[in-house]
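This report concerns only the one structure given below.
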Number of protein chains: 2
Amino acid sequence: MSYNEPRSSEQQVNTAAVECKICGASAKYSYFGIISCQPCKMFFKRNAEQGQNTLQCNYNKNCEINLNNRHVCSYCRLQKCLTSGMETEKIRRSLSNKRKRKREKDVNEDLAERNSMALVRLNESKQFPTLNLLRSDQSTLTADQWNLLSNLTHCYNENGRTTVGQHYMQTQNSLPIKLRFKAAALIQFIQTSLDDIDMLYNKNQDFLSLSANDRSVLLHMTLKHTASLSANYMYHQVGLSDCIGYLNTLASITNVDLIPIAKRVAERVKLDTVVMKLFLATLCFSTINITVYSNSPPLIFSNIKQILDTQNKYIEITWRYILYKYDHEQAVKCFSDLIRCILAIHAAMIQVENIQWFESHIDTIIKQTEKIIIVED
Amino acid sequence: MSYNEPRSSEQQVNTAAVECKICGASAKYSYFGIISCQPCKMFFKRNAEQGQNTLQCNYNKNCEINLNNRHVCSYCRLQKCLTSGMETEKIRRSLSNKRKRKREKDVNEDLAERNSMALVRLNESKQFPTLNLLRSDQSTLTADQWNLLSNLTHCYNENGRTTVGQHYMQTQNSLPIKLRFKAAALIQFIQTSLDDIDMLYNKNQDFLSLSANDRSVLLHMTLKHTASLSANYMYHQVGLSDCIGYLNTLASITNVDLIPIAKRVAERVKLDTVVMKLFLATLCFSTINITVYSNSPPLIFSNIKQILDTQNKYIEITWRYILYKYDHEQAVKCFSDLIRCILAIHAAMIQVENIQWFESHIDTIIKQTEKIIIVED
DNA sequence: TAACAAGGTCACTAGGTCAG
DNA sequence: CTGACCTAGTGACCTTGTTA
Ligand SMILES: [Zn+2]
Ligand SMILES: [Zn+2]
Ligand SMILES: [Zn+2]
Ligand SMILES: [Zn+2]
């Protein structure tokens with residue numbers, strides 16, 4: 001879904017150039033979600049982030065966009081990009097520092113300037129003492145935060161697991177109804193869908209910079225939750241969560257009480273991908289699973305402050321992002337869904353407490369991930 | 001063809017300066033369709049629109065144009081521009097004074113301005129400026145929901161514990177610094193401050209309507225969390241959380257790793273009382289504490305759907321209330337504080353896992369509360 | 001390996017300013 | 001009115017990373 005989304009399965013190798021959905025120029029590949037020409041790709045990349053605030057239409061906000069007039073109204077060009085289906089989420093922040101340096105300098109100067117302006121105004125007029133609190137400086141992400149957000153959302157690539165999920169769905173749907181969602185195959189599938197969660201940890205720089213002990217403790221505490229949540233996110237995306245057959249088999253291989261909770265997780269997991277990934281990253285730095293296995297290492301952190309600071313940093317980015325992206329009502333709903341999500345995933349974890357095939361597979365993944373991390377050290 | 005078409009594919013990077021097609025001056029790039037010098041570009045831009053009507057030739061309309069005499073006859077210069085291939089269509093009407101793109105600074109100032117306006121109106125009429133937009137049917141509470149909200153916030157009366165807290169603070173502050181926050185007294189105080197949490201459960205109609213088994217399981221699962229959170233809320237209100245002496249003694253009677261977490265909880269409980277109470281009520285119906293004591297009852301719910309529905313109901317009221325009360329940014333911050341709160345309280349509970357005086361007191365409260373509930377049955 | 005889709009660079013071309 | 005010099009946006013071409 002994210003980085004590269006080469007031809008979908010039925011589509012053949014692209015030889016014939018088609019039209020750019022934005023301007024009609026000849027186009028060959030899809031960028032940020034839709035078939036578009038290079039120019040429109042670059043335009044979107046450059047303007048998607050801030051353009052929505054800064055661009056203006058000099059006419060009626062309904063300018064037609066074509067190859068020849070696409071330069072005339074940037075506002076309407078951007079609108080067309082968005083309505084045609086280009087997704088901001090697919091833009092990554094710059095990974096190199098060359099340009100960033102310059103930008104950062106500018107931003108800092110800007111901030112300094114803005115701050116001094118704010119001070120002047122405060123001194124001039126005391127009647128709006130809360131002006132600073134409300135200023136939008138606070139509510140936008142800094143360049144560093146955009147970078148971190150980009151890294152967090154892209155280091156955890158869900159393409160693999162989504163493909164596995166789609167394949168499973170196709171296989172099941174091609175079977176006669178009676179034969180769908182057999183227990184053994186479902187267990188196998190669920191286990192597979194949990195597998196690549198190690199990425200979430202071993203590609204996260206903040207996680208890698210923790211002490212070996214803390215990484216190990218966090219893995220033991222959180223991996224069951226993160227793996228389950230991200231698997232359920234995928235189940236929802238491929239439509240598995242809605243299959244009665246799936247829920248029935250799930251009840252038989254786990255616990256009938258898990259079903260309402262699984263439904264609940266599925267309902268709440270309809271979050272935007274970016275928010276979900278930020279949330280998964282936050283969970284990695286949370287001390288949530290307090291079940292103590294007798295054979296697990298002692299759950300004592302060597303530097304708990306570092307963990308809390310990271311968690312805090314991620315939550316701040318999450319809310320700044322939500323603030324940036326959504327309007328009032330959507331934002332509040334999004335956050336309450338996150339809270340429901342935390343509570344639901346906790347509830348689910350209790351119900352699977354004694355399911356051997358699940359717990360032992362999680363254990364295996366934890367051990368494998370620990371090995372990978374040690375090797376990478 | 002259009003705006004910028006740098007070097008066509010076969011054309012190499014332009015290094016050698018060529019001649020302006022109009023005046024023969026050295027030129028490097030093409031403007032409005034033909035290779036021309038800057039001056040001729042500017043001339044065309046300025047005169048193409050009106051010049052054809054206003055300019056006149058004082059000679060024979062066939063003046064030669066070169067680098068030296070190009071100023072002499074504007075009429076013929078413009079004619080040469082047109083006949084050489086400059087296109088009026090490539091001039092973009094700039095709409096004179098209107099800035100094409102708002103600068104970021106301007107946007108921020110606009111926002112600040114809007115915010116300050118909002119403040120004015122808030123003071124005038126206690127209403128949000130965007131009231132109409134936001135007051136969709138979805139975002140307001142129904143009469144039933146207002147009732148429930150009122151019940152939830154009033155059944156759990158914090159006056160008692162706040163008084164105890166204030167009394168403790170006064171006592172401590174009247175002592176010499178060296179004698180403040182002695183361990184034994186602090187333990188006593190903390191235990192007392194946990195005591196009246198039973199109200200949260202046994203005055204809640206939704207809780208009382210659960211089966212005896214489910215009430216018992218929920219008590220065991222959640223009481224430690226709710227009691228700690230509500231105690232810490234009070235500590236924050238009376239100013240205890242900010243006392244260095246308190247934090248130092250707390251470290252000595254619990255665990256030094258608890259301190260950063262305790263600070264974190266204190267930072268995040270700066271929530272409005274209503275939200276905090278709704279959140280505490282929500283926690284009562286959450287399956288969060290999965291530590292299994294050997295002597296505790298089996299953690300199996302008889303009707304998990306009822307519990308989840310209640311939790312859901314409370315969260316919905318919470319977000320509707322937040323939506324009703326706060327503006328966009330405040331609302332999002334409030335919710336992210338709630339999430340931080342959940343994670344922080346979890347983290348804190350791990351740190352106190354083996355603190356005897358705490359765990360055993362919690363056990364006592366659980367048993368007492370169970371008794372009260374049975375008597376009320 | 002080839003196809004695809006992210007990222008980046010910099011030559012190029014609009015528009016604007018201000019001293020002359 | 002002119003033109004030297006400026007900013008900012010554009011897109012052809014390139015590099016890098018991922019997947020089939
Ligand atoms: Zn296009
Ligand atoms: Zn327009
Ligand atoms: Zn010329
Ligand atoms: Zn003439």
Side-chain angles (χ1 to χ4, degrees), chain A residues 1-9 11-15 20 23 25 27-47 51 54-55 67 70-74 77-78 86-87 89-100 106 150 153-155 157-160 162-163, chain B residues 1-15 20 23 25 27-47 50-51 54-55 67 70-72 74 77-78 86-87 89-101 103:
Chain A
M1 280 315 202
S2 61
Y3 190 40
N4 299 316
E5 191 179 3
R7 55 187 173 281
S8 58
S9 40
Q11 201 176 342
Q12 278 314 303
V13 175
N14 197 345
T15 47
C20 167
C23 72
K28 207 174 171 207
Y29 300 123
S30 131
Y31 296 109
F32 308 117
I34 62 166
I35 305 278
S36 54
C37 63
Q38 271 287 327
C40 288
K41 163 200 152 190
M42 288 305 294
F43 173 82
F44 187 72
K45 198 175 93 150
R46 274 196 279 254
N47 294 292
T54 55
L55 292 177
L67 173 59
R70 63 188 179 201
H71 321 280
V72 176
C73 183
S74 297
R77 190 181 187 184
L78 180 58
M86 277 196 175
E87 294 163 67
E89 290 73 28
K90 296 200 171 160
I91 301 177
R92 298 167 136 204
R93 249 24 21 230
S94 71
L95 300 172
S96 83
N97 306 340
K98 282 188 180 176
R99 195 173 193 135
K100 209 188 77 181
D106 291 350
S150 169
T153 52
H154 289 101
C155 78
N157 185 327
E158 77 275 34
N159 287 355
T162 308
T163 310
Chain B
M1 284 310 194
S2 49
Y3 186 36
N4 300 315
E5 192 179 1
R7 57 191 173 281
S8 60
S9 38
E10 65 269 29
Q11 201 175 342
Q12 278 312 304
V13 174
N14 194 347
T15 48
C20 168
C23 71
K28 210 176 170 200
Y29 300 122
S30 130
Y31 296 108
F32 307 115
I34 62 165
I35 305 279
S36 56
C37 64
Q38 272 284 333
C40 287
K41 161 201 153 191
M42 289 307 293
F43 173 84
F44 186 74
K45 197 179 96 144
R46 274 195 276 255
N47 295 291
Q50 289 302 315
T54 56
L55 293 177
L67 174 59
R70 63 189 182 200
H71 321 279
V72 178
S74 295
R77 191 183 186 182
L78 181 56
M86 275 197 177
E87 297 164 65
E89 294 73 34
K90 295 207 169 153
I91 299 178
R92 288 220 282 286
R93 240 159 285 282
S94 70
L95 292 182
S96 54
N97 301 336
K98 275 191 190 170
R99 29 179 195 196
K100 184 180 175 194
R101 177 189 277 264
R103 293 265 55 80

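Bear in mind that the values here come from a model prediction, so they are computed numbers and not experimental data. Just so you know, these numbers use all the heavy atoms, side chains as well, and skip hydrogens, waters and symmetry mates.
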- Item | Shortest non-hydrogen contact between A27(A) and C37(A), atoms and distance | CB-N, 3.7 Å
- Between L78(B) and G51(B), what is the shortest heavy-atom contact and its length?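 The answer is CD2-C, 3.8 Å.
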Whole-Å gap separating [atom2] ([N]) and [atom1] ([X]):
| X | N | atom1 | atom2 | result |
| --- | --- | --- | --- | --- |
| E89(A) | dG7(C) | CD | P | 13 Å |
| M86(B) | dT13(C) | CE | C1' | 12 Å |
| I35(B) | dA11(C) | CD1 | C1' | 13 Å |
| F32(A) | dC4(C) | CZ | C1' | 13 Å |
| Y31(B) | dG16(C) | OH | P | 15 Å |
| K90(B) | dA14(C) | NZ | P | 7 Å |
| K28(B) | dA11(C) | NZ | P | 8 Å |
| Y29(A) | dA6(C) | OH | P | 13 Å |

Under 4.0 Å between a side-chain N or O of [X] and OP1 or OP2 of [N]?
| X | N | result |
| --- | --- | --- |
| N47(B) | dC1(D) | no |
| S74(B) | dT2(D) | yes |
| S36(A) | dA5(C) | no |

- Message: Quick one, Y29(A) and I35(A) - any side-chain contact, counting heavy atoms below 4.5 Å?
- Response: no
- cation_pi(R70(A), F43(A)) dist<6.0 Å, angle<=45: no
Check the interface with nucleotides 3-7 of chain D: list each N/O to N/O pair with the protein under 3.5 Å, or write none.
{"from": "dG3(D)", "atom 1": "OP1", "to": "R70(B)", "atom 2": "NE", "distance (Å)": "3.2"}
{"from": "dG3(D)", "atom 1": "OP1", "to": "R70(B)", "atom 2": "NH2", "distance (Å)": "3.4"}
{"from": "dG3(D)", "atom 1": "OP1", "to": "H71(B)", "atom 2": "ND1", "distance (Å)": "3.0"}
{"from": "dG3(D)", "atom 1": "OP1", "to": "H71(B)", "atom 2": "NE2", "distance (Å)": "3.4"}
{"from": "dG3(D)", "atom 1": "OP2", "to": "R77(B)", "atom 2": "NH1", "distance (Å)": "3.2"}
{"from": "dG3(D)", "atom 1": "OP2", "to": "R77(B)", "atom 2": "NH2", "distance (Å)": "3.4"}
{"from": "dG3(D)", "atom 1": "N7", "to": "R46(B)", "atom 2": "NH2", "distance (Å)": "2.4"}
{"from": "dG3(D)", "atom 1": "O6", "to": "R46(B)", "atom 2": "NH1", "distance (Å)": "3.1"}
{"from": "dC5(D)", "atom 1": "N4", "to": "Q38(B)", "atom 2": "OE1", "distance (Å)": "2.9"}

- Quick one: list whatever passes side chain to side chain contact (heavy atoms under 4.5 Å, CB included) with E87(B), sequence neighbours left out.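 With sequence neighbours excluded, E87(B) shows a side chain to side chain contact (heavy atoms under 4.5 Å, CB included) to E89(B), K90(B), given in chain and number order.
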- Query: How long is the span from the OG atom in S74(A) to the CZ atom in R46(A), to the nearest 0.5 Å?
  - Reply: 10.5 Å
- Task: For Q38(A), enumerate each residue passing the side-chain hydrogen bond (donor to acceptor under 3.5 Å, both in side chains) test, keeping only those at least two apart in sequence or located in another chain.
- Result: Y31(A)
